[in-house]
Amino acid sequence: YVFMSVMGYALTNHLVPNIKAYTLRRGISGKDLGKKGTSTEDKQIPEALGIVPGAVFLVCLIFCLVGYANSHPSKLLDCNSAL
């Protein structure tokens with residue numbers, strides 16, 4: 001499970017800058033209204049970057065559940081109920 005956590009971190013760390021550039025290029029961005037009157041007022045901020053760690057989390061969760069199901073098949077129902 002530690003390996004899966006490290007891989008999830010590495011994948012998120014790699015994907016966030018790529019998706020950030022993609023969303024800025026496609027115009028999916030906004031402005032920080034709390035910085036009005038500062039030099040960074042007109043800086044574009046990418047939106048929807050939370051989808052990246054969310055998707056990576058779901059992939060890691062599915063792989064961990066498959067591993068858990070193989071090692072503890074009788075406890076899988078309890079684990080799925082807790083989720």
Side-chain angles (χ1 to χ4, degrees):
Y1 298 116
V2 174
F3 175 74
M4 187 60 61
S5 301
V6 171
M7 290 305 297
Y9 169 77
L11 187 61
T12 303
N13 201 26
H14 174 73
L15 284 177
V16 165
N18 293 338
I19 300 298
K20 174 185 171 186
Y22 177 76
T23 57
L24 286 174
R25 206 173 41 243
R26 299 293 293 174
I28 306 171
S29 60
K31 295 182 182 184
D32 189 357
L33 297 177
K35 304 229 175 184
K36 218 171 226 341
T38 65
S39 61
T40 59
E41 177 180 5
D42 293 327
K43 183 179 177 186
Q44 293 293 322
I45 299 171
E47 298 286 340
L49 281 180
I51 195 75
V52 176
V56 170
F57 171 74
L58 285 177
V59 169
C60 291
L61 180 66
I62 290 168
F63 280 125
C64 287
L65 280 176
V66 168
Y68 189 75
N70 288 335
S71 60
H72 305 291
S74 63
K75 297 280 188 177
L76 186 60
L77 179 64
D78 295 337
C79 182
N80 285 338
S81 298
L83 290 176

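Numbers for residues simply follow the sequence, beginning at 1.
The structure places NZ of Lys35 at 11.5 Å from CD of Glu41, a figure rounded to the nearest 0.5 Å. Residue Thr12 holds its OG1 atom at 11.5 Å from CG of Leu49, rounded to the nearest 0.5 Å. Taken from CG in Leu15 to CD1 in Ile51, the straight-line distance is 12.0 Å, to the nearest 0.5 Å.
A single hydrophobic cluster is not seen to contain both Phe57 and Phe63; linkage of ILVMFWY side chains at heavy-atom distances under 4.5 Å, directly or through other members, places them apart.
Within a 6.0 Å radius of CE in Met7, no more than 12 heavy atoms belonging to other residues, nucleotides or ligands are found.
The two residues Gly8 and Cys60 make their nearest non-hydrogen contact at CA-SG, 3.8 Å.
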Could you list the donor-acceptor pairs under 3.5 angstrom formed between side-chain atoms of residues 24-31 and any protein atom two or more places apart in sequence or on another chain?
residue: Ser29; atom: OG; partner: Gln44; partner atom: OE1; Å: 2.7

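Partners of Asn18 according to the side chain to side chain donor-acceptor pair (under 3.5 Å) rule, which considers only residues two or more places apart in sequence or in another chain, are His14. For Thr38, the side chain to side chain donor-acceptor pair (under 3.5 Å) partners two or more places apart in sequence, or in a different chain, are Thr40.
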